[in-house]
Amino acid sequence: MKIAPSMLSANFNQLLAEIQTIEPYSDYLHIDVMDGQFVPNISFGAPVFSYLRSESQLVFDCHMMVQNPERYVADMAKAGADIITIHAEATQHLHSALQKIKDLGVKAGVALNPGSPVALIEPVLDLVDLVLVMTVNPGFGGQSFIESTLSKVEELADLREGEANYHYEIEVDGGVNDQTAVKCLQAGADVLVAGSYVFNHPDRQQAIASLRLGAN
Ligand code: DX5
Ligand code: ZN
């Protein structure tokens, strides 16, 4: 299993120093890009994390909560994203947008809001490297985990088992803490995103270790 701390909960006044506190214990850096349209908030764009690229070895896991994300995927790739995940609900051209990401030489992910079914993305499952199951409604850190989303994690794990050409990782995002992490891992998640749990913890190394305990 992999841990992806979400930069959204870091202190933006000292981003590099914040990332260095989690880097030795983490696998991905989860980067939440919000446009004020797909979600109410505006966070940051490619120029912000491009400054961090040369300073960090972490996999940059870019979660685009952006309407018509195909407009920005080239910028994200150029800024150093290793994985670009777009929402199925945010584009009318999901297949071509994912193909565009892959053509940039970057891993492609597809995300599902809590209200969206797995069926919405079934036609693109053979194309993607990652499926992000939102376990809260997107837009804010620090929300409570929505238990009913776990059945989608199970469904995706079962589908992957049955289809030799599916190779996606299953990532969960929102409300992940030491309690909910266990449930996510039991359901079949491979990557745990955690923002407020890690960055608000007095000992971030300990916080990440407690998330990993759920895999045992
Ligand atoms: C929410 C973002 C999350 C957020 C998670 O829209 O996609 O990545 O940072 O924050 P926590 O872990 O605090 O729920
Ligand atoms: Zn996210």
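One-based numbering, in listed order, for ligands and for the atoms of each. Atom set for the values below is all heavy atoms of this structure, side chains included, hydrogens, waters and symmetry mates excluded. Values in this document were obtained by computation on a predicted structure and should not be read as measured data.
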[X] side-chain N/O to [Y] backbone N/O, donor-acceptor pair under 3.5 Å:
X      : Y      : value
Glu18  : Phe12  : no
Arg212 : Tyr25  : yes
Ser26  : Ile22  : yes
Thr85  : His63  : no
Thr180 : Gly175 : yes
Glu171 : Leu130 : no

Considering non-hydrogen atoms only, spot the tightest contact between Leu94 and His87 and give its length.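 Leu94 and His87 have their closest heavy atoms at CD1-O, 4.4 Å.
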So, for Glu122 and Tyr166, which heavy atoms are closest and what is the spacing to 0.1 Å?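 The answer is O-OH, 4.2 Å.
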Is it true that the side chains of Ser6 and Asp32 contain a donor and an acceptor less than 3.5 Å apart?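 Ser6 vs Asp32: donor-acceptor pair found between side chains.
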Please check if any side-chain donor atom of Glu70 sits under 3.5 Å from a side-chain acceptor atom of Ser96, or the reverse.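 There is no such pair (donor and acceptor under 3.5 Å, judged by atom type) between the side chains of Glu70 and Ser96.
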Where is the nearest protein heavy atom to [atom]: which residue, which atom, and how far?
atom                    : value
atom 3 (C) of ligand 1  : Asp173 OD1, 2.9 Å
atom 1 (C) of ligand 1  : Phe140 O, 3.5 Å
atom 9 (O) of ligand 1  : Ser6 OG, 2.7 Å
atom 14 (O) of ligand 1 : Gly175 N, 2.8 Å
atom 10 (O) of ligand 1 : Gly141 CA, 3.5 Å
atom 11 (P) of ligand 1 : Gly142 N, 3.6 Å
atom 13 (O) of ligand 1 : Ser196 OG, 2.5 Å

Just jot down the ligand 1 atoms closer than 4.0 angstrom to any heavy atom of [X], in number order.
X      : result
Ala194 : 12 (O)
Pro138 : 6 (O)
His63  : 7 (O)
Gly174 : 14 (O)
Leu8   : 9 (O)
Gly139 : 1 (C), 6 (O)
His30  : 8 (O)

Heavy-atom distances under 4.0 Å decide this one: backbone, side chain, both or neither, for Tyr197 against ligand 1?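 For Tyr197, there is no contact with ligand 1 at all, from either part.
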Checking one value in my table: which N/O/S atom of [X] lies closest to the Zn ion (ligand 2)?
X      : answer
Asp32  : OD1
His63  : ND1
Asp173 : OD2

Salt-bridge present (Asp61, Lys2; N to O < 4.0 Å):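 No, Asp61 and Lys2 are not salt-bridged.
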Regarding ligand 1, does Gly195 bring an N or O atom to under 3.5 Å of one of the ligand's N or O atoms?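 Yes, Gly195 has an N/O under 3.5 Å of an N/O on ligand 1.
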Rounded at 0.5 Å granularity, tell me how far CE in Met7 sits from CG in Leu58.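 Met7 CE to Leu58 CG: 11.5 Å, rounded to 0.5 Å.
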Do any heavy atoms of Val136 fall under 4.0 Å from ligand 1?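 For ligand 1, residue contact (heavy atoms, under 4.0 Å) with Val136 is absent.
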Would you check whether Met65 reaches within less than 4.0 Å of ligand 1, judged by its heavy atoms?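 Met65 counts as a contact of ligand 1 under the 4.0 Å cut-off.
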Identify whether NZ of Lys or CZ of Arg in Arg53 sits under 6.0 Å from the centre of the six-membered ring of Phe60 and within 45° of that ring's axis.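 Cation-pi check for Arg53 and Phe60: passes.
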